[in-house]
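Since the structure comes first, as structure tokens, the remarks are kept for the end.
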Amino acid sequence: MTLHLREAGKPAAKLRSEALQVLFERGLVNQCTDLTALDDHLAAGPVTVYAGFDATAQSLHVGHLMPLMALRWLQKLGHRPIVVLGGGTTQVGDPSFRNETRPLLEERQIAANMAGIRQSIERLVDMRGPDGALLVDNAEWLTEFKFLEFLRDYGSKFTVNRMLTFDSVRSRIEAQSPLTVLEFCYMMLQAVDFLELARRHDCTVQIGGSDQWGNIINGVELARKGDGLSLHGLTVPLLATASGAKMGKSAAGAVWLHPEHLSPFGFWQFWRNTADADVGRFLRLFTELPINEVDRLSALKGADLNEAKKVLATQVTAVVHGAEQARAALEQGEALFAGGREIADPTHTLPLARLSDGLGLLELLVAIGFAASNGEARRLVAGGGVRLNGRVIEDTHRRIKAGDLAADDRLALAVGKRRKALVSFS
RNA sequence: GGAGGAGUGCCCGAGUGGCUAAAGGGGGCGGACUGUAAAUCCGCUGGCUAUGCCUACGUUGGUUCGAAUCCAACCUCCUCCA
């Protein structure tokens with residue numbers, strides 16, 4: 001193969017395109033196809049770039065933010081993004097780097113998931129105007145194929161020999177875990193997506209997570225063999241903490257982008273709790289602050305770094321939930337952690353009616369997402385980790401009554417030292 | 001086609017009839033210490049309308065008072081033979 005890989009973060013010498021300069025500077029490049037060719041391509045004028053997302057859950061999570069940030073930068077620099085929702089591919093399930101088959105989703109569930117994902121995407125890339133980003137569903141073409149037709153037209157362009165060489169499936173095979181033909185063909189479908197987008201929309205670049213490398217390359221190779229097209233691919237790094245752990249999971253589940261799955265304040269808190277060692281890198285990856293400002297903030301030492309974390313949290317929240325929500329979250333953070341709780345908006349609102357018979361403390365913890373189940377809530381309470389209006393409550397049968405509310409109809413609830421909520425009843 | 005081995009909780013990995021919601025480690029969460037950081041020490045870590053009930057050791061049945069553990073069939077993987 002004639003593709004050249006670039007290792008993550010290596011400052012590439014004399015790049016011509018502003019696009020690649022920015023992506024490298026931001027730490028958004030893990031590897032790409034022929035660097036010089038991609039650079040020339042991006043420098044030559046506006047291009048169309050795509051990233052795809054399968055509808056495996058009702059919301060995207062922080063891991064998806066990286067390719068989306070890359071799309072945002074490219075859009076700012078005059079290129080046109082296409083976001084592909086995998087209405088078709090989700091029916092197959094990407095096996096890349098998974099050692100088990102994904103449970104197959106029903107079409108209704110996929111449609112619901114796509115609707116949730118779409119809301120986040122619309123905030124992250126600008127779809128307005130004739131030059132705005134495009135949102136397309138790959139079911140549009142994937143469901144149209146007839147089997148024999150597909151095998152003849154595209155199957156002939158792939159060899160099993162080559163397909164087996166990809167790390168994404170080799171690991172599965174070496175793990176001696178069954179890989180069905182259905183899943184194995186996923187890479188063909190994504191390759192066809194790329195080709196289809198190239199034909200329909202003159203899309204020439206695909207961006208994806210590092211686990212998507214194999215799928216992307218398949219598209220590049222298919223387009224070259226089939227249509228003689230020269231396409232390009234680029235992957236963003238895997239989101240990991242400085243301690244090496246995969247990131248995105250927190251107390252009560254993943255760090256979701258959709259506000260119904262994680263409140264904007266909860267999202268803000270996630271970033272506020274970033275480890276010192278990650279602050280600089282996250283500022284570059286997930287905010288759009290100028291690089292010199294990023295450098296200034298990252299240079300802060302010791303407790304002063306907390307200021308940088310607030311900036312990080314507020315900036316990322318603004319990108320995902322909007323400036324209003326970000327400002328509110330910052331205020332809530334200041335109020336809950338530094339005193340003055342009267343000024344801030346509540347982080348959660350529940351109907352007053354729920355208090356009429358007394359609301360179980362455990363139930364409340366689950367309702368605001370501080371515990372995934374009653375059992376988990378019970379353990380938190382029993383372990384002395386839960387405070388109501390500043391006082392530790394260890395009684396798991398405790399019920400909240402109207403009398404627990406402060407004058408403003410709210411109560412302060414905290415789990416541990418990092419998770420706090422201001423719950424309003426109205 | 002034949003013979004043998006393997007499949008455990010979020011992950012890795014012990015366990016070969018009751019004492020097993022299943023050792024140990026990782027991860028995660030809580031407590032102490034801090035700066036809402038890291039490191040360290042301690043605790044918790046399936047669900048529920050909860051002194052009990054339900055679900056769980058590849059799948060489905062069976063033996064037994066009782067099964068992750070025994071038997072049968074099936075699925076997937078590995079090794080050897082043809």
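Naming: A, B, ... by sequence-line order, numbering from 1 per chain.
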- Counting only side-chain N and O atoms of A:Arg418, is one of them less than 4.0 Å from OP1 or OP2 of B:A37? yes
- Pair A:Ser424-A:Asp409, side-chain donor/acceptor within less than 3.5 Å: no
- Item | salt_bridge(A:Lys309, A:Asp276) N-O dist < 4.0 Å | yes
Between protein and nucleotides 45-49 of chain B, what N or O pairs are separated by less than 3.5 Å?
unit_1 : atom_1 : unit_2   : atom_2 : d
B:G47  : OP1    : A:Ser373 : OG     : 2.7
B:G47  : OP2    : A:Arg379 : NH1    : 3.2
B:C48  : OP1    : A:Asn374 : N      : 3.0
B:C48  : OP2    : A:Gly375 : N      : 2.9
B:U49  : OP2    : A:Asn374 : ND2    : 3.0

- Euclidean distance for P, B:U20 against B:A67 (whole angstrom): 16 Å
- Message: Less than 4.0 angstrom from a charged side-chain N to a carboxylate O is my criterion; do A:Glu376 and A:Arg379 meet it?
- Response: no
- Message: Would you measure the distance from the P atom in B:U8 across to the matching atom in B:A68 and give it in whole Å?
- Response: 16 Å
- Note on the structure: Note: for A:Asn273 and A:Gly383 on RNA chain B, the residue whose nearest nucleotide lies more 5' is A:Gly383
- Separation between the P atoms of B:U60 and B:G17, rounded to whole Å: 24 Å
- B:G2 and B:A73: how far apart are their P atoms, nearest whole angstrom? 12 Å
- Approximate separation, where rounding is to 0.5 Å, of A:Ile393 CD1 and A:Asp404 CG: 7.5 Å
- Message: With a 4.0 Å limit, can you tell me whether A:Arg419 has a side-chain N or O closer than that to the phosphate oxygens OP1/OP2 of B:G30?
- Response: yes
- Message: Whole angstroms only, please: what is the CG-C1' distance between A:Leu413 and B:G30?
- Response: 14 Å
- Message: Any strand counts, and the cut-off is 3.5 Å on both contacts for Watson-Crick or G-U wobble. Which nucleotide pairs with B:C19?
- Response: none
- Item | Distance-only side-chain donor-acceptor flag, A:Ser96 / A:Asp211, under 3.5 Å | no
For nucleotides 32-35 of chain B, list the nitrogen or oxygen atoms of the protein found under 3.5 Å from its nitrogen or oxygen atoms, one pair per line.
unit_1 : atom_1 : unit_2   : atom_2 : d
B:A32  : OP2    : A:Lys417 : NZ     : 3.3
B:U34  : O4     : A:Lys417 : NZ     : 2.7
B:G35  : O6     : A:Asp276 : OD2    : 3.4
B:G35  : N1     : A:Asp276 : OD1    : 3.4
B:G35  : N1     : A:Asp276 : OD2    : 2.6
B:G35  : N1     : A:Gly302 : O      : 3.3
B:G35  : N2     : A:Asp276 : OD1    : 2.6
B:G35  : N2     : A:Asp276 : OD2    : 3.4
B:G35  : N2     : A:Asn306 : OD1    : 3.4
B:G35  : N2     : A:Lys309 : NZ     : 3.1

- Message: I'd like to check the side chain to side chain contact (heavy atoms under 4.5 Å, CB included) partners of A:Asp153; sequence neighbours left out, ordered by chain and number.
- Response: A:Glu149
- Item | Side-chain H-bond candidate by donor/acceptor type, A:Asn138 with A:Glu196, under 3.5 Å | no
- Item | Span that lies between the P atom of B:C57 and that of B:C10, in whole angstrom | 11 Å
- Residue pair A:Gln190 / A:Gln206, side-chain donor-acceptor N/O under 3.5 Å: yes
- For B:G15 versus B:G27, give the span between their P atoms, rounded off to a whole number of Å. 24 Å
- Item | Distance in angstrom units between A:Leu182 CG and B:U76 P, rounded | 15 Å
- Task: Could you measure between the two C1' atoms, the one in B:C33 and the one in B:G43, and give it in whole Å?
- Result: 16 Å
- Hey, does A:Val279 reach any base, or is it just sugar-phosphate, or nothing, if we go heavy atoms under 4.0 Å? nothing
- Task: Classify the angle between the aromatic ring planes of A:Phe286 and A:Trp271 as parallel (below 30°), tilted (30 to 60°) or perpendicular (above 60°).
- Result: tilted
- Message: Less than 4.0 angstrom from a charged side-chain N to a carboxylate O is my criterion; do A:Asp278 and A:Arg281 meet it?
- Response: yes
- Message: With rounding to the closest Å, how many angstrom separate the C1' atoms on B:G4 and B:C12?
- Response: 26 Å
- Complementary nucleotide of B:G4, counting Watson-Crick and G-U pairs under 3.5 Å: B:C78
- Across all strands, who's sitting opposite B:A38 as a Watson-Crick or G-U wobble pair, both distances under 3.5 Å? none
- Counter-base of B:C29, judged by Watson-Crick or G-U geometry with both distances under 3.5 Å: B:G43
- Taking any strand in view, what nucleotide pairs with B:C70 in a Watson-Crick or G-U wobble way, both distances under 3.5 Å? B:G62
